[in-house]
Amino acid sequence: MGTFDIAQICLNGHVITEMAGGHPEYRKQFCTECGEQTIMACQNCNTNIKGYHHVPGVIGIFDYHKPKYCEKCGKAFPWTDRQLNAAKELIELTDNLNNDEKLELQSSITDLVKGGPQTVVAQAKYKKYIGKAGSEVAKGVRDILVDVVSETVKKAIWGQ
Ligand SMILES: [Zn+2]
Ligand SMILES: [Zn+2]
């Protein structure tokens, strides 16, 4: 029921408006939080990014969650890519893990963000290596992931 508006989001993931279609006056060419360019469609397949869900006769507070991946082509949106890359770069910085361990930890992060059947394995790997990576890296990775992983994953890896 109802129709979806179009969201406008900056490349770093700041949501400019969930109603860029219905309210063009809310649109911004650049993000006022970080100065990045904004998009309203997937840069790979040009499908509009879903925004506010308009349901006839229903007025309510709508908690908007920006998508991580394009619903049409499955490609990660730029903000998802950037967060994953930032987490991976942080892991590169540690001297406490060897290269294989770094790769395991990095791939676990990709799986944690995606969800799906690999999540449980990814949680185990993440917990195994993140402690070894050192508290500074662990904290940085956590700050990044907290914005991108599901509540279930948060509970599993941080117990909150
Ligand atoms: Zn921004
Ligand atoms: Zn797409």
Side-chain angles (χ1 to χ4, degrees), residues 1-93 102-103 105-120 122-123 125-126 130 136-158 160:
M1 278 293 283
T3 52
F4 282 96
D5 212 311
I6 304 166
Q8 188 181 47
I9 303 173
C10 93
L11 297 182
N12 278 332
H14 298 117
V15 178
I16 308 298
T17 172
E18 305 102 84
M19 294 186 278
H23 289 276
E25 73 273 19
Y26 293 166
R27 293 182 197 171
K28 294 171 186 166
Q29 201 174 348
F30 293 97
C31 178
T32 45
E33 291 292 320
C34 71
E36 261 296 359
Q37 191 198 328
T38 61
I39 56 170
M40 296 193 293
C42 170
Q43 293 170 305
N44 188 48
C45 73
N46 226 21
T47 300
N48 286 337
I49 302 168
K50 263 186 190 160
Y52 189 88
H53 191 194
H54 295 283
V55 182
V58 176
I59 302 165
I61 304 295
F62 175 75
D63 193 12
Y64 180 72
H65 294 285
K66 62 178 181 281
K68 291 184 270 192
Y69 297 88
C70 174
E71 63 172 66
K72 190 83 179 184
C73 71
K75 198 174 175 339
F77 283 113
W79 46 90
T80 310
D81 261 343
R82 287 179 183 194
Q83 279 167 312
L84 283 171
N85 287 340
K88 288 174 182 176
E89 269 182 49
L90 269 175
I91 292 165
E92 281 300 327
L93 292 176
K102 284 180 185 174
L103 284 175
L105 183 54
Q106 288 167 334
S107 79
S108 80
I109 283 171
T110 307
D111 287 333
L112 287 178
V113 172
K114 279 191 175 165
Q118 281 303 310
T119 310
V120 178
Q123 287 164 359
K125 282 188 187 169
Y126 179 85
I130 198 72
E136 206 176 322
V137 171
K139 192 194 168 296
V141 172
R142 181 182 172 138
D143 287 347
I144 295 166
L145 285 186
V146 77
D147 202 32
V148 258
V149 299
S150 70
E151 293 303 318
T152 320
V153 169
K154 284 180 200 172
K155 275 205 188 76
I157 59 180
W158 301 314
Q160 53 169 30

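Since the model is a prediction, treat every value here as computed from it, not as a measurement.
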Determine whether [X] and [Y] make a side-chain contact, defined as any pair of heavy atoms from C-beta on separated by less than 4.5 Å.
{"X": "I130", "Y": "I157", "answer": "no"}
{"X": "T119", "Y": "S150", "answer": "no"}
{"X": "I9", "Y": "F77", "answer": "no"}
{"X": "H14", "Y": "K28", "answer": "no"}
{"X": "V153", "Y": "Q123", "answer": "yes"}
{"X": "I49", "Y": "P67", "answer": "yes"}
{"X": "E92", "Y": "Q106", "answer": "yes"}

Identify the heavy atoms of [X] and [Y] that sit nearest to each other, and give their distance.
{"X": "D143", "Y": "V146", "result": "O-CG1, 3.4 Å"}
{"X": "A122", "Y": "D111", "result": "CB-CB, 3.6 Å"}
{"X": "T38", "Y": "C31", "result": "CG2-N, 3.8 Å"}
{"X": "V141", "Y": "A87", "result": "CG2-O, 4.1 Å"}
{"X": "T17", "Y": "M19", "result": "OG1-N, 2.8 Å"}
{"X": "A20", "Y": "A7", "result": "CB-C, 4.3 Å"}

Roughly how far, to the nearest 0.5 Å, is [atom2] of [Y] from [atom1] of [X]?
{"X": "N46", "Y": "K72", "atom1": "CG", "atom2": "NZ", "result": "11.5 Å"}
{"X": "C34", "Y": "E36", "atom1": "SG", "atom2": "CD", "result": "5.5 Å"}
{"X": "I16", "Y": "F30", "atom1": "CD1", "atom2": "CZ", "result": "11.0 Å"}
{"X": "R82", "Y": "L11", "atom1": "CZ", "atom2": "CG", "result": "5.0 Å"}
{"X": "H23", "Y": "Q8", "atom1": "NE2", "atom2": "CD", "result": "13.5 Å"}
{"X": "T80", "Y": "K114", "atom1": "OG1", "atom2": "NZ", "result": "11.0 Å"}

For E25, does the CD atom have more than 12 heavy-atom neighbours from other residues, nucleotides or ligands under 6.0 Å away?
yes
In terms of heavy-atom contacts, does NZ of K68 have more than 12 from other residues, nucleotides or ligands at under 6.0 Å?
yes
Evaluate the side-chain contact (heavy atoms from CB on, under 4.5 Å) criterion for residues W79 and V15: first the C-alpha distance (whole Å), next the side-chain angles of each, then the deciding distance (0.1 Å), finally the verdict.
CA-CA 11 Å; W79 46 90; V15 178; over 6 Å; no
Geometric class of the Y126/W158 ring pair [parallel <30°, tilted 30-60°, perpendicular >60°]
perpendicular
Hey, mind stepping through I109 and I91 against side-chain contact (heavy atoms from CB on, under 4.5 Å) and telling me if it holds?
CA-CA 10 Å; I109 283 171; I91 292 165; 3.3 Å; yes
For a side chain to side chain donor-acceptor pair (under 3.5 Å) check, start with the C-alpha distance between T110 and K88, then their side-chain angles and the critical distance, and finish with the verdict.
CA-CA 9 Å; T110 307; K88 288 174 182 176; 3.0 Å; yes
Hey, mind stepping through K75 and Q43 against side-chain contact (heavy atoms from CB on, under 4.5 Å) and telling me if it holds?
CA-CA 9 Å; K75 198 174 175 339; Q43 293 170 305; over 6 Å; no
Donor-acceptor contact below 3.5 Å, side chain D5 vs main chain G21
yes
What verdict does the side-chain contact (heavy atoms from CB on, under 4.5 Å) test give for H54 and F4, after you've listed the backbone C-alpha separation in whole Å, the side-chain angles of each residue and the deciding distance to 0.1 Å?
CA-CA 6 Å; H54 295 283; F4 282 96; over 6 Å; no
